[in-house]
Amino acid sequence: MDLLEYMNEKNKEKESPLASRLRPRTLDEVVGQEHIIGKDKLLYRAIQADKLSSILLFGPPGTGKTTLAKVIAGTTKAEFLQINATSAGKKDMEEVIRKATENAGMYARKTILFIDEIHRFNKGQQDYLLPFVEDGTVVLIGATTENPYFEVNGALISRSIIFELHPLSEENIRDLICRALEDKERGLGSYQAEIDEAALDFLADISGGDARTALNAIELGVLTTERGKDGKIHITPEVAEECIQKRTLRYDKTGDNHYDTISAFIKSMRGSDPDAAVYYLARMLYAGEDIRFIARRIMICASEDVSNADPQALVVATQAAQAVERLGMPEARIVLAQAAAYVACAPKSNSAIMAIDAAMEYVASHPNYRIPSYLQDSHYKGAAKLGHGIGYKYAHSYENHYVDQQYLPDAVKDVRFYTLSDQGYEKKLKQHLMNIKCGKEALGNE
């Protein structure tokens, strides 16, 4: 590196964003993620011993995936190569493999390949890497904000250890902000800035566990706030609020946050918690989720988890789906909230889904038993000669519109698929069936 390149590199470091300048250089400087890089943890020991195997780092933005990779780069004796999946092409990958092969063959030196945003690689690109990861030509470190089980080749997953990074705690974020304001070498220490406790609490909360968001906000605050009469920059709650206009929600409509949130939404309705249901609904709406998708999930829950314990739940959910189509946002939020709250508050039964699943399983594992002849269609020409429909008892011709008659095939006649619960309206239906089958007066005629 000549003098000009050296100066350019130094200027680049000096002018880079605070989040980049403050990036930890050692494991001991890393804030948070104690569950994977605590001193007694596997990843910590592997990095310290320079015995790293292929790993996938998975977590939301700002939790330290690239930071960990950079720490490994500064710790390992292996050659550290880095590419970004959003811009890397076939030639880039071939060059990496060429260097790695050369390192192994000529210098007996390992090569660590860090691929940022590895989920951006298509299947073909991931397949290309597989044999070189398998034979140890490269030790792979893949970083992704998406759940690797959804986005990464199963073969690569099986040859890697997955480490999930969690959003930083509020205490972690507070520590980072204070470190940034005190560090004169890489941080903002030379600006003589002070932050109010309330502003510190606000930024720690509003950043949502994202270190980059918090550091970008405090940097913006320090650089744009005039000095007070005491010559210092004061970061007040008002300044902090201006630096972050809106909480950033970790939500990707195609990723695991999407699946986690809709799962929590459905389980809250099933669990009869309208407050939680409306909360998760708000998170989805805030993040821009498709309102038609939400409406479909409410309809499914109304049938799967409420069923005939309150048949009106499906009516409400279906009408809500229709209203959402006609109204759009923002009014659709009210309709969705009404439907979600109704389903959450309704009595619960899973009798219908248990019945159909049991019947489907039975049908899949048994022959298509012959339908009793008296139930078969008698309207086509020649049906009577075959005995179809003969002997059928028309239920409406009997008392209480019920007659004792076998409807299942002979081989299945004693199998029961649908069991009514004692919840809500199903209890009434259950009693009605018991009454008419015992020859008593139907409840509807009482």
Just wondering, more than 12 heavy atoms not from [X] lying within 6.0 Å of its [atom1]?
| X | atom1 | answer |
| --- | --- | --- |
| Tyr369 | OH | yes |
| Met360 | CE | no |
| Arg23 | CZ | yes |
| Tyr407 | OH | yes |
| Glu361 | CD | no |
| Ile371 | CD1 | no |

Can a side-chain donor-acceptor contact be found between [Y] and [X] if the only test is distance below 3.5 angstrom?
| X | Y | result |
| --- | --- | --- |
| Lys393 | Ser397 | no |
| Gln48 | Tyr44 | yes |
| Asn216 | Thr213 | no |
| Asp310 | Tyr342 | yes |
| Ser16 | Arg21 | no |
| Lys348 | Ser272 | yes |
| Glu426 | Ser349 | yes |
| Glu171 | Ser169 | no |

Is [X] salt-bridged to [Y], going by a charged N under 4.0 Å from an acidic O?
| X | Y | value |
| --- | --- | --- |
| Lys430 | Asp422 | yes |
| Lys123 | Asp127 | yes |
| Arg174 | Glu170 | no |

Leu220 meets the side-chain contact (heavy atoms from CB on, under 4.5 Å) criterion, sequence neighbours left out, with Thr224, Cys243
Where the side chain of [X] meets the backbone of [Y], is there a donor-acceptor pair that is under 3.5 Å apart?
| X | Y | value |
| --- | --- | --- |
| Arg297 | Ile266 | no |
| Asn350 | Ile353 | no |
| Glu117 | Thr86 | no |
| Thr75 | Val71 | yes |
| Gln431 | Lys427 | no |
| Ser54 | Ser160 | no |
| Ser158 | Ala155 | yes |
| Ser307 | Ala309 | no |
| Tyr374 | Gln406 | yes |
| His119 | Phe150 | no |

Heavy atoms only: give me the nearest [X]-[Y] pair and the separation to one decimal.
| X | Y | result |
| --- | --- | --- |
| Leu22 | Ala180 | CD1-CB, 3.4 Å |
| Asn308 | Tyr425 | O-CB, 3.4 Å |
| Thr137 | Ala100 | O-CB, 3.6 Å |
| Leu168 | Ala211 | CD1-CB, 3.6 Å |
| Ile218 | Leu181 | CG1-CD2, 3.9 Å |
| Gln33 | His166 | NE2-O, 2.6 Å |

Pairwise side-chain contact, [X] with [Y], heavy-atom cut-off 4.5 Å (strictly under):
| X | Y | value |
| --- | --- | --- |
| Ile141 | Ile115 | no |
| Leu43 | Leu52 | yes |
| Phe121 | Leu129 | yes |
| Val315 | Gln312 | yes |
| Glu289 | Ile294 | yes |
| Thr111 | Val139 | no |

Hey, do the aromatic rings of Tyr362 and Phe417 have their centres closer than 6.0 Å?
-> yes
Pair Phe265 + Tyr279: ring centers closer than 6.0 Å | no
Tell me, with the steps shown, if Gln126 and Asn122 meet side-chain contact (heavy atoms from CB on, under 4.5 Å).
-> CA-CA 6 Å; Gln126 293 184 32; Asn122 60 38; over 6 Å; no
How long is the span from the [atom1] atom in [X] to the [atom2] atom in [Y], to the nearest 0.5 Å?
| X | Y | atom1 | atom2 | answer |
| --- | --- | --- | --- | --- |
| Ile118 | Glu151 | CD1 | CD | 11.5 Å |
| Ile162 | Leu156 | CD1 | CG | 10.5 Å |
| Phe163 | Lys65 | CZ | NZ | 15.0 Å |
| Met354 | Glu304 | CE | CD | 11.0 Å |
| Ile36 | Ile55 | CD1 | CD1 | 8.0 Å |
| Leu81 | Met93 | CG | CE | 13.0 Å |

Start with the C-alpha distance between Leu18 and Val222, add both sets of side-chain angles, then the distance that settles side-chain contact (heavy atoms from CB on, under 4.5 Å), and finish with yes or no.
-> CA-CA 11 Å; Leu18 176 64; Val222 169; over 6 Å; no
Give the intermediate values and the outcome of side-chain contact (heavy atoms from CB on, under 4.5 Å) for residues Lys70 and Gln82.
-> CA-CA 10 Å; Lys70 295 290 186 182; Gln82 177 177 349; 3.1 Å; yes
Go through Asp50 and Thr76 one step at a time and tell me if the side chain to side chain donor-acceptor pair (under 3.5 Å) criterion holds.
-> CA-CA 6 Å; Asp50 200 8; Thr76 184; 2.6 Å; yes
Contacts of type ring pair (Phe, Tyr, Trp, His ring centres under 6.0 Å), residue Phe132, not counting sequence neighbours = Tyr128
Apply the side-chain contact (heavy atoms from CB on, under 4.5 Å) test between Met269 and each candidate in Val343, Val306, Val278; give the one that qualifies.
-> Val343
side-chain contact (heavy atoms from CB on, under 4.5 Å) between Val152 and Leu56, worked out | CA-CA 10 Å; Val152 179; Leu56 294 172; 4.2 Å; yes
When you look at Glu95 and Lys91, which way does the salt bridge (Lys or Arg N to Asp or Glu O under 4.0 Å) test go after all the steps?
-> CA-CA 6 Å; Glu95 178 61 18; Lys91 288 185 178 179; over 6 Å; no
